[in-house]
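A short worksheet on the structure shown next.
Bear in mind that the values here come from a model prediction, so they are computed numbers and not experimental data.
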Amino acid sequence: GGRVASHPKSRSTFIIEIRSTSSEVDNLHHRHGHPHPKKISNYLIYWRGEHKEEYSQSFRHLEFLSALSATIADHYPNLTIDAPSILQQLMDGATFANAFSFDPFKKHKAKLPASVPLHQVDMYNESLQYVSFGNIANKSHGVLDEALISQDLVAKASARCSLIHSSYLVVAEGMEYSDLVDQALRSKAFDDMSESETVAHQNSKTWRIRRHEYSFVNDENNPRFGKGTTRSVKKEKSALQQLEPLLISFKGKVDLKNPECNIYLLEGICDNCVTDSGPKGITRIEDSKLLKILARKISSGAKVSVMAPKTRICITNTPLEPIAAFILCNLASIRENDKVLDPFAGSASVLLAASMISNSVRTVGIEIASDKFLSREKVRQDFSTRGLSQPLGLLIGNSMDSKIREEARKLIGGSEFDAIVCDPPYGIREAMSGSDSGYGGSAALFDLIDAIGRDRHLGTPLLKRGGKLVSFFPCLRGDNIEDLLPSNERLKRAGLLFEFKREQKLNSALSRWVLSFKSS
């Protein structure tokens with residue numbers, strides 16, 4: 001027997017507290033009733049939604065894999081390859097697959113409500129994805145192996161990503177709740193919560209289970225997912241009651257506020273779930289059976305809102321938004337104790353993000369604006385009020401001046417930086433003294449690359465060998481990005497190798513690309 005309790009802040013969260021016991025079940029060798037390949041991917045990622053179309057979707061996989069490469073490099077310092085090389089092998093070997101997928105153009109399937117625009121179908125399909133590392137060993141010639149990528153490393157990488165909402169360890173998947181119970185019990189995925197694995201009952205983990213149902217934000221007939229929508233209380237109760245054979249094996253107490261184990265029941269429409277019914281073989285989406293995934297949450301994504309512009313003490317006209325700052329830092333594969341330079345620091349959004357990713361990093365910023373226009377003291381308060389380590393220096397000057405760059409190197413003991421991460425000025429950035437320095441468009445990045453080359457030629461390199469330069473780069477619609485990139489000759493003089501580029505669309509007239517280079 002037991003009881004069903006609702007979360008005080010949400011009608012969609014229920015806990016069934018069971019007081020009976022269950023016997024052990026043998027290992028499960030086959031999965032039942034699910035339309036995907038037989039092997040369940042170990043991990044599942046729920047991505048943050050986009051506030052505007054095409055703003056961040058193209059960065060999701062790259063940000064996560066970059067963060068994971070840095071996490072792997074930190075955890076295995078004796079690997080024979082560095083973080084950028086690990087990233088390349090992850091990009092070649094990791095695979096992402098949609099957990100829920102609906103094709104509105106497929107015949108004899110549920111009819112898409114007229115209120116749902118097509119771009120929301122793509123967002124729905126890609127909102128929850130399996131990630132698998134099964135091909136890593138083949139792509140890396142044995143240097144990396146799937147076994148090296150532990151749950152702890154995936155959790156740490158997820159926690160530093162701005163585009164991840166949550167990451168999960170997949171326990172079971174199927175069309176019926178009984179499938180989930182069978183798989184979960186026989187796979188022993190919750191053995192750490194059962195009485196047999198604890199010395200005493202009071203040592204069992206506290207837990208909470210939640211059910212989320214995914215659909216289209218603008219589906220007026222069946223609002224399942226999105227701000228201001230509701231979920232069915234009846235479905236919540238029914239689902240969790242059907243999971244009773246699993247839940248009775250948990251010996252810990254229910255904790256709705258701060259449980260040690262967060263369990264999620266994720267359900268969504270997919271092509272293989274839709275069955276024909278009704279006139280002309282058309283069924284409503286809400287009448288379809290849902291694919292069900294049982295998972296344990298292992299991490300939440302980065303809390304980017306804590307450095308939102310409205311929370312900042314140092315207020316400027318055009319600060320770099322938090323998600324963009326995190327993307328730059330993660331694509332630079334910033335690691336613990338790295339030395340990070342932003343040569344166009346502004347109000348230090350990039351350095352804030354770097355410190356939030358790892359508070360052991362040593363950061364230096366160079367900004368041409370004087371204290372009259374940008375208060376360094378307020379910038380430092382933005383670090384201290386968030387419990388972050390202070391930048392080693394916030395220099396006033398032009399980063400194209402060799403004396404300023406030398407001063408930046410002195411702040412880190414005269415050595416080179418592990419990463420240079422920046423958003424060079426383009427267009428009208430700030431009304432400030434000295435803003436007529438000639439920066440704008442691609443000129444600032446080209447000047448920086450040339451400065452890196454000069455320092456390298458003089459034997460005082462700004463960027464260490466294997467270090468990364470990651471920068472935003474503007475491009476007007478209609479222009480070909482390939483025609484605007486720095487030439488191979490320019491990069492060669494600077495000792496830089498081009499790695500990759502990704503587009504972020506800002507508006508109908510302007511895009512900015514992330515460019516990544518590695519020092520050779």
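Inter-residue side-chain proximity for Phe133 and Leu68 is flagged as met; some heavy-atom pair is nearer than 4.5 Å. Side-chain contact between Leu62 and Arg60 is absent, with no heavy atoms from C-beta onward closer than 4.5 Å. Counting heavy atoms from C-beta outward, Tyr76 and Leu153 have side chains that approach closer than 4.5 Å. Counting heavy atoms from C-beta on, the side chains of Tyr43 and Val170 never come closer than 4.5 Å. The side-chain heavy atoms of Ser101 and Tyr124, taken from C-beta on, include no pair separated by under 4.5 Å.
A distance-only check finds no donor-acceptor pair linking the side chain of Asn125 to the backbone of Asn98 [under 3.5 Å]. Checking side-chain atoms of Arg405 against main-chain N and O of Ser399 turns up a donor-acceptor pair under 3.5 Å. At least one donor-acceptor pair closer than 3.5 Å links the side chain of Glu63 to the backbone N or O of Ser162. The backbone N or O of Ile449 lies less than 3.5 Å from no partner atom in the side chain of Arg454, so there is not a single donor-acceptor pair. With hydrogens and angles disregarded, no donor-acceptor distance shorter than 3.5 Å links the side chain of Asp338 to the backbone of Val340. The closest donor-acceptor contact from the side chain of Ser415 to the backbone of Ile412 lies under 3.5 Å. Looking only at distances, a side-chain donor or acceptor of Thr311 sits under 3.5 Å from a matching main-chain atom of Val306. Counting only distance, with no hydrogens or angles, the side chain of Asn337 and the backbone of Val361 share no donor-acceptor pair below 3.5 Å. Judged purely by atom type and a 3.5 angstrom limit, Ser132 has no side-chain atom pairing as donor or acceptor with the backbone of Thr95. For Arg380 (side chain) and Gln390 (main-chain N/O), no donor-acceptor pair under 3.5 Å exists by modelled atom type.
Of all the heavy atoms in Cys422 and Leu328, the pair that sits closest is O-CD1, 3.7 Å.
Under the 30°/60° scheme for interplanar angles, the aromatic rings of Trp47 and Phe96 are found to be tilted. Using bins of under 30°, 30° to 60° and over 60° for the plane-to-plane angle, the ring pair Tyr214/Phe100 lands in the tilted bin.
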*asked:* Could you walk me through whether Gln504 and Ser58 satisfy the side-chain hydrogen bond (donor to acceptor under 3.5 Å, both in side chains) test, starting with their C-alpha distance in whole Å, then the side-chain angles of each, then the deciding distance to 0.1 Å, before giving a yes or no?
replied: CA-CA 8 Å; Gln504 183 180 52; Ser58 64; over 6 Å; no

*asked:* salt bridge (charged side-chain N to carboxylate O under 4.0 Å, His left out) for Glu499 and Lys468? Distances and angles first, verdict last.
replied: CA-CA 9 Å; Glu499 287 192 307; Lys468 296 188 71 168; 3.1 Å; yes

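Checking Lys297 against Ser300 by side-chain atom types alone, a donor-acceptor pair falls below 3.5 Å. Side-chain contact of Ser389 with Asn359: a donor-acceptor pair under 3.5 Å is present, judged by distance alone. Inspection of the Asn330 and Arg160 side chains reveals an N or O donor paired with an N or O acceptor under 3.5 Å. A side-chain donor from one of Arg477 and Ser511 sits under 3.5 Å from a side-chain acceptor of the other. Side-chain contact annotation: Thr460 with Glu406, donor-acceptor N/O pair under 3.5 Å absent.
If you take CG on Leu90 and NE2 on His61, they are separated by 13.0 Å, rounding to the nearest 0.5 Å. The distance from the CD1 atom of Ile481 to the CG atom of Leu476 is 10.5 Å, given to the nearest 0.5 Å. Between the CD1 atom of Ile396 and the CD1 atom of Ile404 there is a distance of 9.0 Å, given to the nearest 0.5 Å. Atoms CD1 and CD, on Ile81 and Gln89 in that order, are 4.0 Å from each other to the nearest 0.5 Å. Distance check, rounded to the nearest 0.5 Å: OG of Ser519 to NZ of Lys464 gives 10.0 Å. Rounded to the nearest 0.5 angstrom, Gln151 CD and Ser299 OG are separated by 10.5 Å.
Ring centroid separation for the pair Tyr264 and Tyr168 comes in under the 6.0 Å cut-off.
A salt bridge links Lys518 and Asp82; the closest N-O separation between the charged side-chain nitrogens and carboxylate oxygens is under 4.0 Å. Here Lys501 pairs with Glu482 in a salt bridge; the nearest charged N to carboxylate O distance falls below 4.0 Å. For the pair Asp455 and Arg409, the salt-bridge criterion is met [side-chain N within less than 4.0 Å of a carboxylate O]. Taking a cutoff of 4.0 Å between a charged side-chain nitrogen and a carboxylate oxygen, Lys292 and Asp179 do not qualify as a salt bridge. One finds a salt bridge joining Arg493 and Glu489 here, because a Lys/Arg side-chain nitrogen approaches an Asp/Glu carboxylate oxygen to under 4.0 Å. Ion pairing between Arg386 and Asp382 holds under the 4.0 Å rule for side-chain N and carboxylate O. Of the charged side-chain nitrogens involved, at least one lies within less than 4.0 Å of a carboxylate oxygen, so that Arg490 and Asp450 count as a salt-bridged pair. Using a cut-off of 4.0 Å between Lys/Arg side-chain N and Asp/Glu carboxylate O, Arg376 and Glu367 are scored as not salt-bridged.
Here the options are Phe59, Phe326, Phe64, the test is side chain to side chain contact (heavy atoms under 4.5 Å, CB included), and the partner is Cys161; only Phe64 passes.
Relative to the six-membered ring of Phe472, Arg512 meets both conditions, a distance below 6.0 Å and an angle of at most 45° to the axis.
For Asp401, the CG atom is densely surrounded, since the number of other residues' heavy atoms within 6.0 Å is greater than 12.
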